[in-house]
Amino acid sequence: KWGYGEEDGPSAWHKSYPIAQGARQSPINIVPEEAVYDSRLPAISLSYDNCTSLTISNNGHSVVVEFEDMDDRSVIQGGPLEDAYRLKQFHFHWGGKNCDGSEHTVRGKTYVSELHLVHWNAVRYRTFGEAAAAPDGLAVLSIFLEKGDEHADLHTITDALYMVKFKGSIANFKGFNPKCLLPPSLRFWTYPGSLTTPPLYESVIWIVLAEPIRVSDKQMGKFRMLLFNAEEEEQTKRMENNFRPPQPLKGRTVRASFK
Ligand SMILES: Cc1cc(C(C)C)[n+](CCc2cnc[nH]2)c(C(C)C)c1
Ligand SMILES: [Zn+2]
């Protein structure tokens, strides 16, 4: 199977997943000066007030918070999106003790971590799986985490990580609303891309917020206590550096919602 190590990491994925060298792969390096300001782009609208978080889990690649997505109780719309997309889950990518782990970069700058809020087009597709394989199936809202003071609301997540230390662990995680993780500004860049892990489906409309949120080193240290391995496996592998590096733009246009 695939991972983030020397043998099974991003540079090897193309062997089992040739789309890794496709025309709309993610992440990318965003160059603001080359982004096209589009004044017709509506603002992003997030309706998370009735969202229902269910669980927090360790899938062996990241820590994931899943939501109830049987109706349109929590959706993202506007921006580049034709339809409303349903919130399905969010997860993070991060680095190691002294190195950054964001997936997208801005003028080559990396951030400590990157939060992905994953939504799917339930207007056009019946299931998440079907949407995840369709060109306009998913919309991922990406938020950069920058090193700074403690983030007051991130504690709710970091305090729960001990419950999902091992791959395959899952715990109740009700009542969490991710709107507390948004930065003050919803100014964004948007471009057509892909999942950043195998199967690397080219099914994601990316919406990357320009303004990061700030988190402390101590809070990030708690993410690095998670493990890639299951409890019964003998080798203990710390969960860190679970990010894919930027991929070729291949002629795509990045649009900006701001000048
Ligand atoms: C069908 C599928 C969908 C996703 C994400 C977009 C939730 N993911 C995560 C891929 C991803 C993570 N960040 C961006 N893409 C996978 C991985 C767990 C195998 C499978
Ligand atoms: Zn992700």
Side-chain angles (χ1 to χ4, degrees), residues 1-5 8-10 12-14 16-17 19-20 22 24-28 30 51 53-69 74-76 81 85-95 100-105 110-122 125-145 157 164 167-170 178 181 189-209 212-213 220 223 226 228 230 239-247:
K1 284 285 287 171
W2 62 275
Y4 290 96
D8 62 1
W13 292 349
H14 70 96
S16 302
Y17 305 91
I19 199 167
R24 61 174 275 194
Q25 288 291 293
S26 293
I28 61 168
I30 295 168
C51 74
S53 66
L54 298 170
T55 60
I56 187 166
S57 60
N58 175 336
N59 66 9
H61 308 295
S62 181
V63 56
V64 189
V65 173
E66 299 267 359
F67 289 79
E68 163 67 69
D69 65 342
S74 38
V75 297
I76 183 173
L81 306 173
Y85 285 62
R86 249 180 228 173
L87 177 64
K88 165 83 178 151
Q89 55 108 297
F90 69 77
H91 61 271
F92 298 81
H93 301 266
W94 60 91
D100 288 347
S102 65
E103 298 211 297
H104 291 87
T105 56
T110 54
Y111 288 88
V112 167
S113 173
E114 188 169 331
L115 162 59
H116 288 160
L117 290 140
V118 181
H119 310 74
W120 62 285
N121 188 330
Y125 306 103
R126 281 183 321 99
T127 64
F128 173 79
E130 193 187 332
D136 59 350
L138 301 181
V140 180
L141 181 66
S142 173
I143 301 173
F144 291 122
L145 276 64
I157 292 174
V164 288
K167 174 180 175 182
S169 49
I170 185 164
L181 299 175
W189 294 290
T190 183
Y191 77 96
S194 72
L195 304 186
T196 64
T197 74
L200 298 168
Y201 293 146
E202 297 186 329
S203 59
V204 181
I205 296 169
W206 281 94
I207 299 167
V208 181
L209 296 189
I213 60 170
M220 284 319 303
F223 281 90
L226 295 167
F228 278 125
M239 186 179 275
E240 55 188 22
N241 298 307
N242 55 349
F243 65 93
R244 188 189 193 191
Q247 302 300 311

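Just follow the structure's listing: the first ligand is 1, and inside any ligand the first atom is 1.
- Residue contact annotation: Pro198 has a non-hydrogen atom under 4.0 Å from ligand 1.
- Closest of all the heavy-atom pairs between Lys88 and Trp120 is CB-CD1, 3.8 Å.
- Within the listing of ligand 1, atoms 7 (C) sit less than 4.0 angstrom from a heavy atom of Gln89.
- Between Ser203 and Leu195 the shortest heavy-atom distance is OG-CD2, 4.2 Å.
- Not one N or O on the side chain of Glu103 forms a donor-acceptor pair closer than 3.5 Å with the backbone of Gly101.
- Each of the atoms 12 (C), 13 (N) of ligand 1 lies under 4.0 Å from some heavy atom of His91.
- Listed for the His93 side chain is no donor-acceptor partner under 3.5 Å among the backbone atoms of Ser102.
- A donor-acceptor pair is defined here as one N or O able to donate and one able to accept, closer than 3.5 Å; such a pair exists between the side chain of Arg24 and the backbone of Val204.
- Under the ring pair (Phe, Tyr, Trp, His ring centres under 6.0 Å) criterion, His61 pairs with Trp2, sequence neighbours left out.
- For atom 2 (C) of ligand 1, the nearest protein heavy atom (residue, atom name, distance) is Leu195 CD1, 3.9 Å.
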Scan the side chains in residues 132-140 for donor-acceptor partners under 3.5 Å anywhere in the protein, sequence neighbours excluded, and list what turns up.
{"from": "Asp136", "atom 1": "OD1", "to": "Tyr125", "atom 2": "OH", "distance (Å)": "2.4"}
{"from": "Asp136", "atom 1": "OD2", "to": "Arg124", "atom 2": "NE", "distance (Å)": "3.2"}

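- Counting all heavy atoms, side chain and backbone alike, Ser142 lies closest to Glu114 at OG-OE2, 2.7 Å.
- Atom OH of Tyr201 sits in a sparse spot, with 12 or fewer heavy atoms from other residues, nucleotides or ligands closer than 6.0 Å.
- Looking from atom 18 (C) of ligand 1 to the surrounding protein, the closest heavy atom is Asn59 ND2, 4.0 Å.
- For ligand 1 and His93, the ligand atoms under 4.0 Å from any heavy atom of the residue are 12 (C), 13 (N).
- The Zn ion (ligand 2) has His91 NE2, His93 NE2, His116 ND1 as protein N, O or S atoms under 2.8 Å away.
- The shortest N/O to N/O separation between Trp2 and ligand 1 does not fall below 3.5 Å.
- In terms of protein heavy-atom proximity, atom 14 (C) of ligand 1 is closest to Thr196 OG1, 3.1 Å.
- In this structure Phe243 satisfies the ring pair (Phe, Tyr, Trp, His ring centres under 6.0 Å) test with no other residue, sequence neighbours excluded.
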